[in-house]
Every structure is written in C-alpha cells, then in structure tokens.
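Lettering follows sequence order; numbering is per chain, from 1.
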Amino acid sequence: MTASSPASGQPPEEPVGYDPAAVERKWRDRWTERHANRANIDGARRPYYALMMFPYPSAEGLHVGNLFAFTGNDIFARFQRLQGFDVFEPMGFDAFGIHSENHALKTGRHPMELIPSNIANFTRQLERAGLMVDWSRTVDTTHQSYYKWTQWVFLQLLKRGLAFKKKAAVNWCPNDKTVLANEQVEGGHCERCGALVEQRLLEQWFFRITDYAERLLANLDTLDWSNTTKTAQRGWIGRSDGAEIRFRVLNPLEDAGSASVHVTAEIGTGGEEVRVFTTRPDTIFGATYLVLAPEHPLLDAITGGEQRAAVAAYQAVTAKQDVIARKTNKEKTGVFTGAYAVNPATGEMIPVWTADYVLMEYGTGAIMAVPGHDERDFEFANKFALPIERVVMGPGQNAHTPLTAAFTDETDVRLCNSAQFDDYPVDEGHRQITAWLESKHAGKPVVNFRLHDWCISRQRYWGPPIPVIYCDDCGMVPVPEADLPVVLPNIPDFRPDDSGISPLARHEEWYHVPCPACGKMARRETDVSDTFLDSGWYFLRYPSVGRDDVPFDKAITKKWLPVNSYIGGNEHAVLHLLYSRFLTMVLHDAGYVDFDEPFTKFRAHGLIIRDGAKMSKSKGNVVNPDDYIDGWGADTFRTYLMFLGPFEEGGDFRDAGISGVKRFLDRLWSSVRDAHTTGEPDRDVMQKLHQTIKKVGEDIPRLSYNTSIAAMMEHMNVVRRSERAVHRAEIEPLVQLVAPFAPHIAEELWEMLGHTASVFDSGWPSFDAAFAGGETATIAVQINGKTRGTIVVAKDSVQDSVMAAAMADPAIAKFVTGSAKKVVYVPGRLLNLVI
RNA sequence: GCCGGGAUGGCGGAACUGGCAGACGCACGGGACUCAAAAUCCCGCGAGGCGCGAGUCUCAUGUGGGUUCGAUUCCCACUCUCGGCACCA
C-alpha cells in the first residue's frame, strides 16, 4: 500500500511518493467499511445539519458547478465535524419534472428507466468526490416512498383551504404542450425550448402563498442569509403601500348626451363603482382618466352603447394575444368605454378607458391615470390626447411649469394644484389625502404585493399525481391519507398532447376510480404537481428517511431542524427558497413542526464560469469532473475548485492553476513522510503554525476557502524554506487543517503519523493567541502619508519610544525637515508624521 | 427602464473595523541537479525614471470629483461588465 514500510529483507526503496488514486481508493473503502459518514440520527448529542441544494440528476452527469457547490458545503461540514459536532450531510435527487421528461422524449427512453440510471451515474461520480455524505439516507423525489408524502403535503394545504382550483390565464407552451409557471417564461419565450408562449384559460391548482406574503417578508429580517438573496426575495414579494380609491361611474346610457351636466362627488346617481389601487394617492388631483384591464369584470356593465363594439373588439384582440406580446410590446393601445367617472377629489368627470397596460392580476385591475406623474400614463395620454395636469412641483418649478415628460421625483417635491393640500411634501400629502378620502368613504389605505399565488398544476406526466378525485355526486374529494400514494402509472406513451389534459387521462384503468366517499365510479385528477413542491419540503425528509408511517418523525425533526446551514445557488434565491419557507410556515401553523423558517443560515455560492462564459453544452466549454479526478485526484480537484476564487463569488475555471495545488499536496506529503522528532521545533516556524491555525479557523466559517488554502500554502513555504529539515510538530496540525479540503490524503498522512483513529475524530487543533500575535510589531513610518521606512519595535510600545526609534533610522530621519505639526500613531501598525 | 453583484500586475486573486497595495497560486525569466530532458529545489518577477552598484525616486487598485494625517476600502457623479426582474399603477 501507499505508505507501508518496505518489506524486511528487501533493499531500501525510494521514499514513497503521493499516489492520489491509491490513497483515495483506500480511504473510500475504509469510510464505507467503518460507516464513517453515517450520522447518528437518534443519538447525536450535538446535531448539526449541513445541507446543500440537491441536484437534478441529468443524463449528462455531474457538472463542475454541482461539485463546486457540494465541495464548499462538504468543507464546512467536515470543519464542523472537527469542531466536535455530529454532522449530518445528506444528498438526494430532484428527479421529477419537465427537464427529465423532455430528455426522455428526445432520447426515446422512459423516465422510469432513465432516472434510476442517471441517479446511479451521479452517485458514482459523487462518491469519488470524497463528500462526507450519509448515503444511508438519500432522497429520490420520484420514488413512491417520497412522493407519497409530497401528496400528503398537498392534502394538508387542501385541508387548510390553502390549495384551491381556479380558472386562470396561464402560459402555454405550444411546443412542450404544457402550462408554464411565470418563472419558466423568459421574455415571452419558453425557458426550455424557446418557443413563443401563448395564453390559455385552464382550471389550475394554486397554493395561496399570498396569504403569507407579509410573514414571508417580515421574517427575512430574522434570517442569517446572504444579503443578495434576501434582497431578491423582498423584491419578488414586492410590497407596495398605497390606497384603494373608489370612483363612481356614471351610467353611460342615462348620461349620454348630457356631458355638460355638472357633477359632484355627492351626487348619488346610479351606476357602478370602480376601485383602483395606487401608490400615489397624493397625486389624485391629477388623475384625469381611469383605465380598466381588458379582462375587468365591470367593463361590460359600464361600456356605453356606441363603444360596445370597439371595446369588445379590443378585448378579443387582447385575449388572443399571447402573454409575451402583451408584456413585451410596450406600445400603448386602448379604447374609450364611453363611460365617465367622478374624481372624488376634484369632483370632475373623467373618461374611463380600457387598455392592456393595466394588468388584471395586480391590484384591482384598474388604475387612476395621473399622466403628469407616471411615465406610462403620460405616454398613453399623449397618444390619445387626454388631459395632463401638474400636481407635483420640484425645486425651481411652479404649479404652471409645463410638463414635457412625466415628473416622477418624490424627494424634495411639493404638491400643487391640489386645493387644500397645496405645498404639502408628497409623503405628507400621501397620508393626509388618504385620510381625507377615507373620511369621505372614497378610499382607504391598502397594501399590495407583487407575489402571485403559486400555480402547482402541470398537465404533464412526470410528476406526482395530485391526490384528488372527482365524483359526480360528491364533487371534489381528497384522496384519503391512508390511500396514499396515488401511484404514477407506467405509461409507455407519456407524450403530452394539445388538449391541455395530462397524458394520465388516457390511462383508463388509472383514471377511473371509485369515489372514496360514496363508492360510485369517479375520475382522478390528472394534473401532476410542480417540481418545486417536491423540493419544497425535502429537507424535512432526510433525517426521517426509512420511516414509512410519517413524512417526518416529530422527535427527530425537533432534534435536527431547522437546517443549521444551507448552501446553494442564487438561481434559487427566489422560487425554491420562498416556496420552502411558505410550506414550512404552513406545516408550522398546522402543528407539524415547531419552527416556521426552515433554513437558519443560507449562503449563496458563486458561479463557475469558463473562459469568461457560463459553461454550456452549446459552447463546448463544459468541464467533466471525472477527467480531472482521474488525472489529478479528488483531493487536488476539490482544493483547486476552492482556490479559484471566493466561494460566494465563483471563479473562472482554467487548467493552468491546478498544478500549483497538486504541488502543495505533494510537498505536504513528503514533509510529513520525512518529518523528524529530533530536538525542538523552530520557534519562528511554530509561530507561523499558530498564526495559520488561527487564520484557517477564522476563514472556513466565513466560507473564505481561497484564503484558507493560501494560508496553508504560506505555512508550507515557511516549513520548507531553504530545504530545512522538518520537525514533526511543525507540520502535524497542518494535516488536520487540510483535512476538510483534501480528506483522503489527510487521513493517509494522519495514519502515517501513527494515529489509528480518523483525522476527523481528532478535533480541531488549538493555538496560543499570544504566541501567534508575536512580541514585536513592524511599524510603517510615514511622512505626510508616504511610507518612508519600517521599524521593528516591541508590540506594546508607546508613541514616544516608536518616535525615537523612527528618528534613529537615518533613512527615515532624512525626510524629517522640521518639527511635526501632527503625529498619528496607530499601535502595532504605523506612525505618520505630518510636517 | 428597475434591482443586485463586479472592475486591483501578463492571468486567477489577497488586503477582516480607512493604516506598508499586489499575500497565495499560475505563467514567465535566471540558477542548481542531470549526459540531456521531465520532475524537484533555489532566486527574481506592477510600470517607469536615475544609478556601474548596494540602491533610490515617481506613478499605479475602471473614470472624474470629495472627505481624511492617510482611501482598493467612506461619500457624490459617471463608464464598462455580469446576473435577475421587467407596463406591478
């Protein structure tokens, strides 16, 4: 074996060199035999749950990006283990979904056959990477033992009224023949195939995540998460403070032809009332028209006779338009309804229009248009010759300054042309006008969110069937929990078709089922659920894998959750992390878990790019980890990935630097092999060692892996300087420091040093802070801010003695031309003389 | 358009609360070892000026301002770049 001593009777051999393949094979086997990575789920005294986002097991195999993320998590997990925690580092596979299904369709293989082989390949690759993964508790979202509980989660939401069905305009991809979530549409095109997305009206299952908007937002303040991620979530939730204002619409039939009639807000004519949402109630005196979304339910009722045809035509055009065109084509269109509404602030009649720049799904589906102070309204008013009023003035402007564009500044501006509210700052006007409208029963303060309810329906095959049955007599009946799982049948032809109905509907035996309530023949729901539902609760499952009676065991969950540390990509900053938080809150409120945030700490890792571009098959710049592990060994590859750049920022992958990391491990190997125990270790080298232990111990928790590695390299350089002989005490703790990064070689070297137990059970080395700090300090001496030299002084020197030492140095003293006007002394760092 | 990152030698990057800019690594140059090469080891390596020389001076962290004894770090205004969102009233 690699490090065994020469057999007796043989001539002396060359010193044994570092053979990564042999070392890694040996320790992989040894870890498996010893169950070294198995967490003691029931008995752990200091549980620590170190989670990474589980991968989608693609047919292409493991991506360097995956390995980068997993290695980063593994280093932290192994570090925690060395700190004495019982660390649980699980791994699983997020294998349902459209990605797998499309790949299966393209290659003609059935997902039920494809996924297990992909998972096997991923597992093989992951095992080579030396991750401290507990392979006895893995999760495969496509396995019945898992999706049984995904269906259970759905039923809990249904029970609590948080799952509901509604007909909704959804994004429809004509190529993939499926409904897409808003997030799967990029600029009007299907995220996967690039086809133009259309709009269709379908009955869909939704989760009422909007009920939790306020809580999802407020809780963010309590979480230890990457700031970028929190900011992204805040933006996605999109809270807006504003007001809902009621506009009375005059019946156009009655009032037609009497446009000259003077109307005030007090007139109680019949007709409808339109509610609008605005974030700028302070500008209501400038509201010169209303706009309703083309889908607005009141549109028919208010449209005047002559305008009916035009409005109907406009509605028809909008309805046919795909979601993309509507959202990307910013050219304003719209038609007048023939109706007028009363502006409750001015009492004036203002025309009511319909236009597709107003969206039915946000706010009330209607707006008051203030063209003077809103860019879209300005553009619209300009195009259709509607009046534009100034009601806000900035510095240097007055109530009559002409508006050549919408004036939208909100700081240092005041109201004008707003009756009793003239000269109010806008924020004050916002409050006062809202209160005034409220007193007239014409409005009230309202908070709106951009967040939409979560559409979980997919008219596809490869997902967990939604556990609901439709009975002619009983209506919609949830599948009883005892009957779970609703098994996804093996359908050879799982292709989606144009009907908008899932392929499951074609499986007669499966589709027809007795009603759980009355026993009469009924039909199954044929939609499957969104993959984000699978990944929305998997962290709860890991510790309880193997339990078939519950989704997660109460005591175990209490012991291990919430997750102590979660690491993943920022591409999931919004959806996955938001949905997981939402589901956790629901399960908390339902009494299943005693925490309402799943991830105490979250860090987003960076992206690995290559030659300045994202890796992709089409660019041909994909790195296959297998090749690098074959060529360099997993330890070198892991360490190299972490050395590329800051973990939270990612880095540019290039072959050039990897040899430096290999050299470092080679040197570590020979230094340990050749270390002696004669005499005392060198004092300066020991000081460097203590500094290194301190630095690495501080850097790892900050995920500053690149600087940890640099620090260890520095120590190695000091240890081996000028080919000096290495004392064992100077190098032994370095094996422990390197262990999280390069676990195999660390185990081997630890054994070579005579230890029988694993290096991961050896604890983290300690350091002497005073010794590491040293007794002397190098002080930079500056004259007028320019460094003119350095002096070495005792660490706790006072200013006078440092000053004297500086003056004693002729190289410094020659710059001192007079007496110092000012002296700045930073102990231990610098002395600056201002002359 | 809006939100959020980022910009430092030939290259990847370091500098933790404002305090010696360029740690560590790559590449490159020189040397040792070798018949030779690889590997290994040692030395050098931001740019420019002056000096035979040990040295020494100036400039330098995307651009332009500002605060400060002192700015890669803080403030203001820009440029470029990467990522996300995009008619959200």
Sequence neighbours excluded, which residues qualify as side chain to side chain contact (heavy atoms under 4.5 Å, CB included) partners of [X]?
X: Ser704(A); result: Asp699(A), Arg702(A), Asn706(A), Thr707(A)
X: Val574(A); result: Ala232(A), Trp236(A)
X: His715(A); result: Val685(A), Lys688(A), Leu689(A), Thr692(A), Val719(A), Leu734(A)

Span that lies between the [atom1] atom of [M] and that of [N], in whole angstrom:
N: G62(B); M: G25(B); atom1: C1'; result: 25 Å
N: C41(B); M: A27(B); atom1: P; result: 13 Å
N: G22(B); M: U79(B); atom1: C1'; result: 25 Å
N: C75(B); M: U67(B); atom1: C1'; result: 7 Å

Nearest-angstrom distance from the residue atom [atom1] of [X] to [atom2] of [N]:
X: Tyr362(A); N: C87(B); atom1: OH; atom2: P; value: 13 Å
X: Leu668(A); N: G25(B); atom1: CG; atom2: C1'; value: 16 Å
X: Ile367(A); N: A89(B); atom1: CD1; atom2: C1'; value: 6 Å
X: Glu714(A); N: A23(B); atom1: CD; atom2: P; value: 9 Å
X: Tyr640(A); N: C26(B); atom1: OH; atom2: C1'; value: 9 Å
X: Met712(A); N: G25(B); atom1: CE; atom2: C1'; value: 13 Å
X: Lys662(A); N: C26(B); atom1: NZ; atom2: C1'; value: 16 Å
X: Leu644(A); N: G12(B); atom1: CG; atom2: C1'; value: 8 Å

Phosphate oxygens OP1/OP2 of G25(B): is one of them under 4.0 Å from a side-chain N or O of Ser659(A)?
no
What's the closest nucleotide to the side chain of Asn832(A) if the choices are C24(B), G19(B), C11(B)?
G19(B)
A23(B), C85(B), A89(B): which one has an atom nearest the side-chain heavy atoms of Trp236(A)?
C85(B)
Pick out the pairs of N or O atoms, protein on one side and nucleotides 14-16 of chain B on the other, that lie under 3.5 Å.
unit_1	atom_1	unit_2	atom_2	d
A14(B)	OP1	Asn706(A)	ND2	3.0

Qualifying salt bridge (charged side-chain N to carboxylate O under 4.0 Å, His left out) pairs, either residue in residues 276-292 of chain A, two or more places apart
Arg280(A)-Asp282(A), Arg280(A)-Glu410(A)
Could you check Glu375(A) against Gly660(A) and say which one's nearest nucleotide on RNA chain B is further toward the 5' end?
Glu375(A)
Where each residue is assigned the nucleotide of RNA chain B containing its nearest heavy atom, which of Val661(A) and Thr231(A) is assigned the position nearer the 5′ end?
Thr231(A)
For each nucleotide in nucleotides 54-62 of chain B, reading 5' to 3', give B when a protein heavy atom comes within less than 4.0 Å of its base, S when such contact involves only the sugar-phosphate, and - otherwise.
---SSS---
Could you tell me whether the side chain of Thr408(A) and the main chain of His373(A) form a donor-acceptor pair under 3.5 Å?
no
Over all strands shown, is Glu379(A) touching base, sugar-phosphate only, or nothing at heavy-atom distances under 4.0 angstrom?
nothing
Can you tell if the side chain of [X] reaches within under 4.5 Å of the side chain of [Y], non-hydrogen atoms only?
X: Asn832(A); Y: Tyr825(A); answer: no
X: Ser671(A); Y: Glu730(A); answer: no
X: Leu830(A); Y: Val781(A); answer: no

Tell me if G66(B) is syn or anti. Syn = glycosidic torsion within 90° of 0, anti otherwise.
anti
Please identify each residue that fulfils salt bridge (Lys or Arg N to Asp or Glu O under 4.0 Å) with [X], with sequence neighbours left out.
X: Arg234(A); result: Asp221(A)
X: Asp211(A); result: none
X: Lys383(A); result: Glu331(A)
X: Arg390(A); result: none

Set out, line by line, the N/O atom pairs under 3.5 Å between protein and nucleotides 38-43 of chain B.
unit_1	atom_1	unit_2	atom_2	d
C41(B)	O2'	Glu723(A)	OE2	2.6

salt_bridge(Asp224(A), Arg603(A)) N-O dist < 4.0 Å:
yes
Between which residue ranges does RNA chain B form stems of three or more consecutive Watson-Crick or G-U wobble pairs, both distances under 3.5 Å?
B:1-7 with B:79-85, B:10-12 with B:24-26, B:28-32 with B:40-44, B:46-50 with B:55-59, B:62-66 with B:74-78
Shortest non-hydrogen contact between Tyr705(A) and Met642(A), atoms and distance:
CD1-SD, 3.5 Å
Taking all heavy atoms of Pro294(A) and all of Ala355(A), pick out the closest pair and write down the distance.
CD-O, 3.4 Å
